[in-house]
Protein chains: 2
Amino acid sequence: MAKCSLNKNTRQRQLSRYLEEDPFLTDEDLACILKVSVQTIRLDRFDMQIPELRERVKNVARGGRQLRTMAGGELVGDLVDLEIGNSGMSILPVTPAMTLSKTSVARGHHIFAQANSLAIAVIDAGAALTGAARVSYKRPVYCGEKILAKAVIKIKKGNKYMVKVTSEVKDEIVFKGKFLVFALQEEGVPQ
Amino acid sequence: MAKCSLNKNTRQRQLSRYLEEDPFLTDEDLACILKVSVQTIRLDRFDMQIPELRERVKNVARGGRQLRTMAGGELVGDLVDLEIGNSGMSILPVTPAMTLSKTSVARGHHIFAQANSLAIAVIDAGAALTGAARVSYKRPVYCGEKILAKAVIKIKKGNKYMVKVTSEVKDEIVFKGKFLVFALQEEGVPQ
DNA sequence: AAAAAATTAGTACCTGGTACCAAGAATAGT
DNA sequence: ACTATTCTTGGTACCAGGTACTAATTTTTT
């Protein structure tokens, strides 16, 4: 029974690993991956109290449904002005999902994300990457406030850009950052 | 036909309103709410190109998954080790949602977010804020790779901490950052 | 009243399951 | 070597929440 038990256990561990990675797998998918029958998968799920696909999907949907922030576009915040190769501006309203639950203070990486994505947007290139950044947070930003980020290209050398971003809430500076950005040539990017 | 058309239109508007509010409603639920037959609901959905429940839930789930990384928890990535007041480690698998659509290179602010949130997590405080950061990206990270971030507190002075974070993919350093973090006293934070 | 539009009803079929029963294979204990 | 136990597989009936399609019925328009 040892060998069989071992197989069963390792299979069940694998099963949960696969499902953690991708909860959208059907029993049939799993059976195929783990080279056992669908029934075995079902027994395994039952053993491990793992609900069926539809329930899993529902759970993910309920858990993840909140405010959108970093998801959709390439840009965090709403672009209000863009002069490619020169400067740009974006507005990010701070929603509850972006704040530390205890304090309703916006988490730093959201402010960074707005600035960083704006810095990249002003670059005149199909794609660009941040190489380095030096940022400082001047004061906390609270839920409900709107962050206006302004980016200006300061230096351009070949495919290297230095972009300065200043973020304000009602004319008060909350964040400053210098971003070193590299423009990528359209091809040549490994997959 | 005017009255009927009107009824149909208003019903369809109501339908989409109800579904926006709660995408988990079945056709039967909707039929009950709107006092028409299930078939009518189906025709309406077909008219308005609204997919069936399971598809809707899936969409929400997929959307939710992307956001979860930035929106859901306070931490970006999965904490694998944490010694509060000393060091911590987290893993962030790079999903398609995090990458520049053209190149499948992870956008910088996700890598920053993982590091930043880890830096805050290692601080021994109810809440903490990033005051400044100096970061550099050593090489692009691609979709499918897993980023292992390691944070260590280097200096502590009162409520000020200097945290160094190094992120690697398969023992190769992809990102380095120094974060200046301030611990917040539990109260006294304005709403 | 006839034509057109909208609604409802009914059927066959699909996916991804549950719940249950029985047969077959593998392993353990003796 | 043989039996008992555990694992695995197969099969069936059933369910929710649909699709796709046809046909009948009601409502509205002309």
Side-chain angles (χ1 to χ4, degrees), chain A residues 1-66 68, chain B residues 1-68 72 93 95-97:
Chain A
M1 176 186 157
K3 188 185 164 193
C4 196
S5 260
L6 191 80
N7 284 345
K8 190 180 176 182
N9 286 338
T10 54
R11 187 188 56 230
Q12 293 191 342
R13 269 198 299 277
Q14 285 184 299
L15 182 78
S16 64
R17 271 207 312 115
Y18 277 110
L19 281 181
E20 253 173 66
E21 210 173 282
D22 181 4
F24 298 88
L25 294 169
T26 66
D27 288 358
E28 213 172 280
D29 294 340
L30 292 162
C32 188
I33 291 169
L34 298 174
K35 306 285 174 211
V36 288
S37 71
V38 176
Q39 285 82 352
T40 303
I41 296 294
R42 306 239 223 258
L43 288 171
D44 284 347
R45 267 201 305 108
F46 190 82
D47 270 13
M48 310 170 76
Q49 314 251 55
I50 294 171
E52 65 168 283
L53 169 75
R54 286 152 191 165
E55 289 306 311
R56 294 193 304 266
V57 172
K58 250 186 245 177
N59 293 343
V60 174
R62 292 202 207 279
R65 216 149 62 101
Q66 241 47 307
R68 47 222 66 215
Chain B
M1 172 190 157
K3 189 185 162 196
C4 197
S5 261
L6 191 80
N7 283 347
K8 190 179 176 183
N9 286 338
T10 56
R11 186 188 59 230
Q12 293 192 342
R13 270 198 299 277
Q14 285 185 299
L15 182 78
S16 64
R17 270 204 317 114
Y18 276 110
L19 282 181
E20 254 174 68
E21 208 172 284
D22 182 3
F24 298 88
L25 294 168
T26 66
D27 288 358
E28 211 171 280
D29 293 340
L30 292 162
C32 188
I33 292 168
L34 299 174
K35 305 286 173 207
V36 287
S37 69
V38 176
Q39 284 80 354
T40 304
I41 296 295
R42 306 238 222 256
L43 287 171
D44 283 347
R45 266 201 305 107
F46 190 82
D47 270 15
M48 309 169 77
Q49 314 251 55
I50 294 171
E52 64 167 285
L53 169 75
R54 287 153 189 165
E55 289 305 313
R56 294 194 302 268
V57 172
K58 248 186 250 178
N59 292 341
V60 175
R62 291 203 206 278
R65 260 157 76 75
Q66 302 171 1
L67 323 163
R68 222 179 16 172
T95 64

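Predicted model, so just to flag it, every value in this text is computed and none were measured. Every chain is numbered from 1, with letters handed out A, B, ... down the list of sequences.
Atom CZ in A/Arg56 sits about 10 Å away from atom C1' in C/dG16, given to the nearest Å. Look at CG on A/Leu53: it is 14 Å from C1' on D/dG17, rounded to the nearest Å. Protein atom CG of A/Asp47 is 8 Å distant from nucleotide atom P of D/dC7, rounded to whole Å. Rounded to whole Å, the distance from CG on A/Leu30 to C1' on D/dT8 is 16 Å. A/Leu43 places its CG atom 10 Å from the P atom of C/dT18, with the value rounded to the nearest Å. Protein atom CZ of B/Arg42 is 10 Å distant from nucleotide atom P of D/dG17, rounded to whole Å. The distance between atom CG of B/Leu34 and atom P of C/dT7, rounded to the nearest whole Å, is 11 Å. Following rounding to the nearest Å, B/Glu55 (CD) and D/dG18 (P) show an atom-to-atom distance of 11 Å.
Each of A/Val57, A/Val60, A/Asn59 was checked for a side chain to side chain contact (heavy atoms under 4.5 Å, CB included) with A/Pro23, and the lone residue meeting it is A/Val60.
Checking side-chain atoms of A/Arg56 against main-chain N and O of A/Pro51 turns up a donor-acceptor pair under 3.5 Å.
Residue-level contact check: B/Val38 touches neither bases nor backbone, having no heavy atom under 4.0 Å from any strand. Among the heavy atoms of the strands lying under 4.0 Å from B/Gln39 is at least one base atom, whether or not backbone atoms are also near.
Between A/Val36 and B/Leu25, the residue whose closest nucleotide on DNA chain D is further toward the 5' end is A/Val36.
Using a 4.5 Å cut-off on side-chain heavy atoms (C-beta onward), B/Asp44 and B/Val36 make no contact.
Between B/Leu53 and B/Leu25, the shortest heavy-atom contact is CD1-O, 3.8 Å. Annotation for B/Met48 and B/Leu15: closest pair SD-CD2, 3.8 Å, computed over non-hydrogen atoms.
Contact annotation: B/Thr40 side-chain N/O to C/dT8 OP1/OP2 distance is under 4.0 Å. Considering only side-chain N and O atoms, A/Ser37 lies nowhere under 4.0 angstrom from the phosphate OP1 or OP2 of D/dT8.
Side-chain proximity of B/Lys8 to C/dG17, D/dA16, C/dA6: nearest is C/dA6.
The base of D/dA16 is paired with the side chain of B/Arg54 by a donor and an acceptor separated by under 3.5 Å.
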